[in-house]
Amino acid sequence: MDDPRWLTPQEQRAWRAHLTVHRLLSHQLDRELHGAGLSLNDYEILVYLSESPRHRMRMSDLADATVQSRSRLSHQISRMEAAGLVTRELCEDDRRGTFAALTDLGWETIRRVARDHVAGVRRHFIDRLTADQITTLETIYAPIVDHLQRVRAGRAS
């Protein structure tokens with residue numbers, strides 16, 4: 001077995017900086033959402049549902065969108081159902097399919113919390129960068145996201 005291509009010191013610093021930013025930013029945004037009784041995962045699900053037609057998505061599509069296993073999403077939806085934020089609906093076309101749907105309380109919650117959450121994203125991330133850096137970051141991440149989505153779907157080389 002060949003040795004891996006070890007990271008150079010600069011590559012190691014860049015990789016560790018990426019990991020640290022991701023962890024710290026996720027932790028901070030999650031902490032801020034806890035004041036509204038939500039986790040960052042809850043918020044992400046509410047966003048996807050609020051942006052979907054009829055405020056609902058197939059559970060399988062929602063799992064893919066949020067990069068969660070079907071089982072993990074099911075547990076998450078159960079917790080959110082208990083809080084009155086979402087409900088499950090049977091799919092009329094496919095008896096095996098289930099939708100997650102936003103409740104009135106879920107819709108009120110996302111509308112109430114979104115402003116503060118976006119302010120936090122801006123305060124802790126966007127406003128730390130110049131417009132050119134944001135463009136560069138988008139350019140850098142796009143091929144990585146594309147590659148990892150293909151890997152997840154089993155279509156990567």
Side-chain angles (χ1 to χ4, degrees), residues 1-80 85-86 88 91 97-102 106-107 109-111 113-157:
M1 185 168 170
D2 293 334
D3 280 343
R5 284 183 46 224
W6 295 106
L7 300 180
T8 67
Q10 182 182 27
E11 290 167 338
Q12 185 70 259
R13 286 190 306 273
W15 173 242
R16 288 183 180 177
H18 165 78
L19 291 177
T20 302
V21 164
H22 173 74
R23 287 184 187 128
L24 287 171
L25 184 59
S26 294
H27 173 77
Q28 182 62 35
L29 295 174
D30 191 65
R31 199 171 127 235
E32 290 174 4
L33 285 166
H34 277 185
L38 298 174
S39 70
L40 194 54
N41 285 338
D42 295 335
Y43 183 83
E44 182 181 24
I45 289 167
L46 293 177
V47 167
Y48 276 106
L49 294 176
S50 72
E51 294 173 345
S52 295
R54 298 175 55 193
H55 293 172
R56 67 184 200 163
M57 286 179 75
R58 277 173 113 43
M59 290 283 286
S60 57
D61 293 339
L62 187 56
D64 290 343
T66 59
V67 192
Q68 295 187 56
S69 70
R70 308 291 193 263
S71 173
R72 182 171 179 208
L73 178 67
S74 182
H75 290 295
Q76 180 78 32
I77 293 296
S78 292
R79 286 190 295 276
M80 293 176 76
L85 300 170
V86 299
R88 293 176 208 243
C91 178
T98 305
F99 287 98
L102 205 55
W107 177 247
T109 300
I110 190 69
R111 289 179 49 109
V113 173
R115 179 177 300 242
D116 289 338
H117 177 70
V118 170
V121 169
R122 181 165 292 289
R123 180 174 56 254
H124 302 303
F125 185 72
I126 297 298
D127 289 348
R128 305 287 144 238
L129 304 170
T130 66
D132 287 344
Q133 288 171 322
I134 291 170
T135 299
T136 299
L137 194 59
E138 183 181 17
T139 301
I140 288 167
Y141 277 129
I144 298 167
V145 168
D146 290 344
H147 166 73
L148 292 173
Q149 286 175 334
R150 286 192 310 275
V151 168
R152 190 162 198 265
R155 300 185 317 253
S157 54

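Hydrogens, waters and symmetry mates are skipped; everything else that's a heavy atom, side chains included, is used.
- In this structure the side chain of R13 reaches within 4.5 angstrom of the side chain of Q10, judged on heavy atoms.
- To the nearest 0.5 Å, atoms CE (M80) and CG (D42) are separated by 4.5 Å.
- Here the side chains of L46 and L38 are in contact, with some heavy-atom distance below 4.5 Å.
- Between Q68 and I45, the closest side-chain pair of non-hydrogen atoms falls below 4.5 Å.
- Closest of all the heavy-atom pairs between S78 and R88 is OG-NH2, 2.7 Å.
- Separation of atoms CD1 (I126) and CD1 (I134) is listed at 4.5 Å; rounding is to 0.5 Å.
- The CG atom of D30 sits 11.0 Å away from the CG atom of L25 when rounded to the nearest 0.5 Å.
- Among residues two or more places apart in sequence or in another chain, the salt bridge (charged side-chain N to carboxylate O under 4.0 Å, His left out) test is passed with D64 by R70, R152.
- At a threshold of 4.5 Å between non-hydrogen side-chain atoms, the residues Q76 and S39 count as touching.
- By the 4.5 Å heavy-atom criterion applied to side chains, Q133 and R128 are not counted as neighbours.
- With respect to the salt-bridge test (charged N to carboxylate O, under 4.0 angstrom), the residues E11 and R16 do not qualify.
- Among residues at least two apart or in separate chains, there is no side-chain hydrogen bond (donor to acceptor under 3.5 Å, both in side chains) pair with a member in residues 46-55.
- To the nearest 0.5 Å, the span separating CD1 on I77 from OG1 on T98 amounts to 11.0 Å.
- L33 CG to Q28 CD: the interatomic distance, rounded to the nearest 0.5 Å, is 10.0 Å.
- A side chain to side chain contact (heavy atoms under 4.5 Å, CB included) with V121 is found for one member of D127, D116, L29 and no other, namely L29.
- When every heavy atom of A100 is checked against every heavy atom of L62, the shortest pair comes out as CB-CD2, 3.9 Å.
- The 12-atom threshold is not exceeded at CZ of R122, counting heavy atoms of other residues, nucleotides or ligands nearer than 6.0 Å.
- For R111, the CZ atom counts as loosely surrounded, since its 6.0 Å shell holds 12 or fewer non-hydrogen atoms of other residues, nucleotides or ligands.
- The side-chain heavy atoms of L85 and L102, taken from C-beta on, include no pair separated by under 4.5 Å.
- In this structure, the side chain to side chain contact (heavy atoms under 4.5 Å, CB included) partners of T20, at least two apart in sequence or on a different chain, are L24.
- The CE atom of M57 lies 10.5 Å from the CE atom of M59; values are rounded to the nearest 0.5 Å.
- Counting heavy atoms from C-beta outward, D146 and Q149 have side chains that approach closer than 4.5 Å.
- L40 and S26 make their closest contact through CD2-O, 3.9 Å (heavy atoms, listed as atom of the first residue, atom of the second, distance).
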